[in-house]
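Step one of this worksheet: look at the structure below.
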Amino acid sequence: MDKKTVRDVDVSGRRVIVRCDFNVPIDDQGNITDQTRISASLPTIRYLRDKGAKVILMSHLGRPKGEVNNKYSLRRVAKRLGELMGTDILMADDVAGDDAREKASKLKQGQVLLLENVRFHKEETENRPDFAKSLASMADIYVNDAFGAAHRAHASTTGIASYLPAVAGFLIEKELKALGQALVNPKRPFTAALGGAKVSGKIGVISSLLGKVDNLLIGGGMAFTFFRAKGLDVGKSLLEEEHIETAARALDEAQRKGTDIVLPEDIVAAAAFDNDARRLLVDADGIPPDYMGLDIGEKTIGVFRDIILKSATIVWNGPMGAFEMPNFAKGTRDIAHAMAMCSGTTIVGGGDSAAAVMQMGYADKMTHVSTGGGASLEFLEGKELPGIAALMNK
Ligand code: ADP
Ligand code: MG
C-alpha cells in the first residue's frame with residue numbers, strides 16, 4: 001500500500017481522531033443486530049490505546065439527514081464497543097460542540113471517547129470545510145479506518161484530512177490489500193461472480209472486469225436483462241429495458257476481450273415475489289409469461305460450482321437470487337459453499353452478498369469478506385476512493 005498507516009506516525013500522548021464505520025444494522029427495539037463492523041474496528045483502536053494515544057472516535061449511523069435524532073444516536077455503539085473491549089467508552093453528547101470539546105480535551109492516555117453521529121450535521125455529507133476544521137481541532141492526528149465510507153467525500157472521511165496528518169487504520173489497510181491483490185496480479189483462472197438486483201448498479205464493475213477475468217458468472221436479477229439481450233423471454237422477471245443494449249454490448253466486448261460470460265442455464269421461477277408463491281424450475285428459454293425468475297437453477301449451480309472450484313481467484317458481488325426468501329436462497333447458499341470449498345483466493349464484496357455469506361456461516365471460509373459494500377464495488381470498478389486518496393503517501 002502506498003498510503004501511510006498508524007504504524008508510520010508517533011501517536012503516544014497525542015489526540016488521535018479515528019473515523020470508523022459503526023454504521024451497524026439496528027432493529028425496531030434499537031438493538032444492534034450485526035456487530036461485524038464494530039469488531040472490525042477493534043485492531044486499530046486497541047493499537048492506539050496500547051501506544052498511549054488519546055483516542056477520539058467518530059462515525060455515522062443510518063441517515064439522520066443532518067438533524068439530531070435519538071434513533072440514530074451512537075450511544076448503543078459505545079456500549080457494545082465497551083463490552084467488546086472490556087473498558088468504558090466515554091460518550092459525547094454532541095459531535096463537535098461544547099461537550100465533545102470538553103471531553104476530548106480532558107482525555108487521558110489510553111482513554112476512548114466516541115463522538116455523536118457525524119450525520120447529525122448536514123455539513124458532514126456536504127463536506128463543509130468549517131465542519132471538517134472543527135472536527136480536526138479536537139485532535140493532532142487523523143486516522144481513517146472507515147472502509148465502508150471511503151467512497152464518500154464527506155467532512156469526516158476526506159475534508160478533515162486537509163487539517164491534520166492523515167493515515168490509514170488497519171481495517172482500511174487490510175481491505176486494500178485483499179481487494180488489491182485480487183485485482184492487480186490475480187492468479188488464474190480468475191473468476192468474477194456477479195448478481196444482485198440490477199445491471200444499472202453494476203455497469204461500471206462489469207465493464208472494468210471484461211478482459212481482466214477469465215470467467216464472468218452472472219446470476220441474480222441482472223441476469224434477465226442479459227437474457228433479453230440474447231432474445232429470450234423473461235416473463236415478469238426483473239428487467240431494465242434501458243440496459244438491454246448495455247448487456248448486449250458487454251456480451252460482445254467479452255468475446256473480443258477473452259472473457260467468458262456465463263449466464264444461467266436454468267432458473268427457479270415463481271408466480272409472485274413471495275416465499276410461498278408457486279415455483280417452477282425452468283430452462284433459461286422457458287420462463288412462462290406470468291412467472292418471474294427469483295433464483296438460479298440446479299444445472300446453473302453445477303456449472304458455476306465447477307468453474308469456481310477450478311478458479312485460483314474469485315471475486316463475488318451480489319446474491320444469485322432473492323435470498324432473503326428461504327425458498328429462493330439455494331443458489332446463493334450453494335455458490336457461497338462452492339467458494340468456501342475453493343482452495344484459491346476468495347473475496348466477497350457487496351453489502352447484501354457479504355450479509356448472505358455471514359448469515360449462511362461461510363464468512364470464516366473466505367479469504368476476505370469486505371465490510372464495505374459500495375466502497376468495494378467502486379474499488380473493483382477501478383475508481384479512486386476519496387477517503388483513501390486524501391491520506392498521506394508513504
Ligand atoms: P450487493 O449489496 O451484494 O451488491 P445488490 O444490492 O446489488 O447486492 O442486490 C441485492 C438484492 O438483489 C437482494 O435484495 C436480492 O433479493 C436481490 N435479487 C437477487 N436476485 C434477484 C432476482 N432474481 N429478482 C429480484 N431480486 C433479486
Ligand atoms: Mg446491496
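As the structure lists them, so they are numbered: ligands from 1, and atoms in each ligand from 1.
By the 4.0 Å heavy-atom criterion, Gly373 is excluded from the residues contacting ligand 1. Within the structure, ligand 1 lacks Phe328 among the residues with a heavy atom less than 4.0 angstrom away. Contact analysis leaves Met222 out of contact with ligand 1, as no non-hydrogen atom separation drops below 4.0 angstrom.
In this model, no donor atom of one side chain and acceptor atom of the other lie less than 3.5 Å apart for Thr125 and Arg152. For the residue pair Glu175/Thr371, the side-chain donor-acceptor check at 3.5 Å is satisfied.
Counting only non-hydrogen atoms, the option in Gly321, Gly220, Pro319 that gets closest to atom 18 (N) of ligand 1 is Gly321. The heavy atom nearest to atom 12 (O) of ligand 1, considering only Gly293, Ser376, Ala197, is found in Ala197.
Atom NZ of Lys103 has more than 12 neighbouring heavy atoms from other residues, nucleotides or ligands inside a 6.0 Å radius. Other residues, nucleotides and ligands contribute only 12 or fewer heavy atoms inside 6.0 Å of the NZ atom of Lys79.
Backbone and side-chain nitrogen or oxygen atoms of Met320 are examined, and none is located within less than 3.5 angstrom of a nitrogen or oxygen of ligand 1.
In Asp352, the N, O or S atom that comes nearest to the Mg ion (ligand 2) is OD2.
If you look at Lys198 next to ligand 1, there are no close heavy atoms at all, none under 4.0 Å. Counting heavy atoms closer than 4.0 Å to ligand 1, residue Glu324 contributes side-chain atoms (C-beta onward) but none from N, CA, C or O.
Protein heavy atom at the shortest distance from atom 6 (O) of ligand 1 is Asp352 OD2, 3.0 Å.
The CD1 atom of Ile267 sits 14.0 Å away from the CZ atom of Arg279 when rounded to the nearest 0.5 Å.
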Show your working on salt bridge (Lys or Arg N to Asp or Glu O under 4.0 Å) between Lys65 and Glu67 and close with a plain yes or no. CA-CA 6 Å; Lys65 307 222 168 96; Glu67 278 166 34; over 6 Å; no
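Ring to ring, Tyr47 and Phe170 are close: their centroids are under 6.0 angstrom apart.
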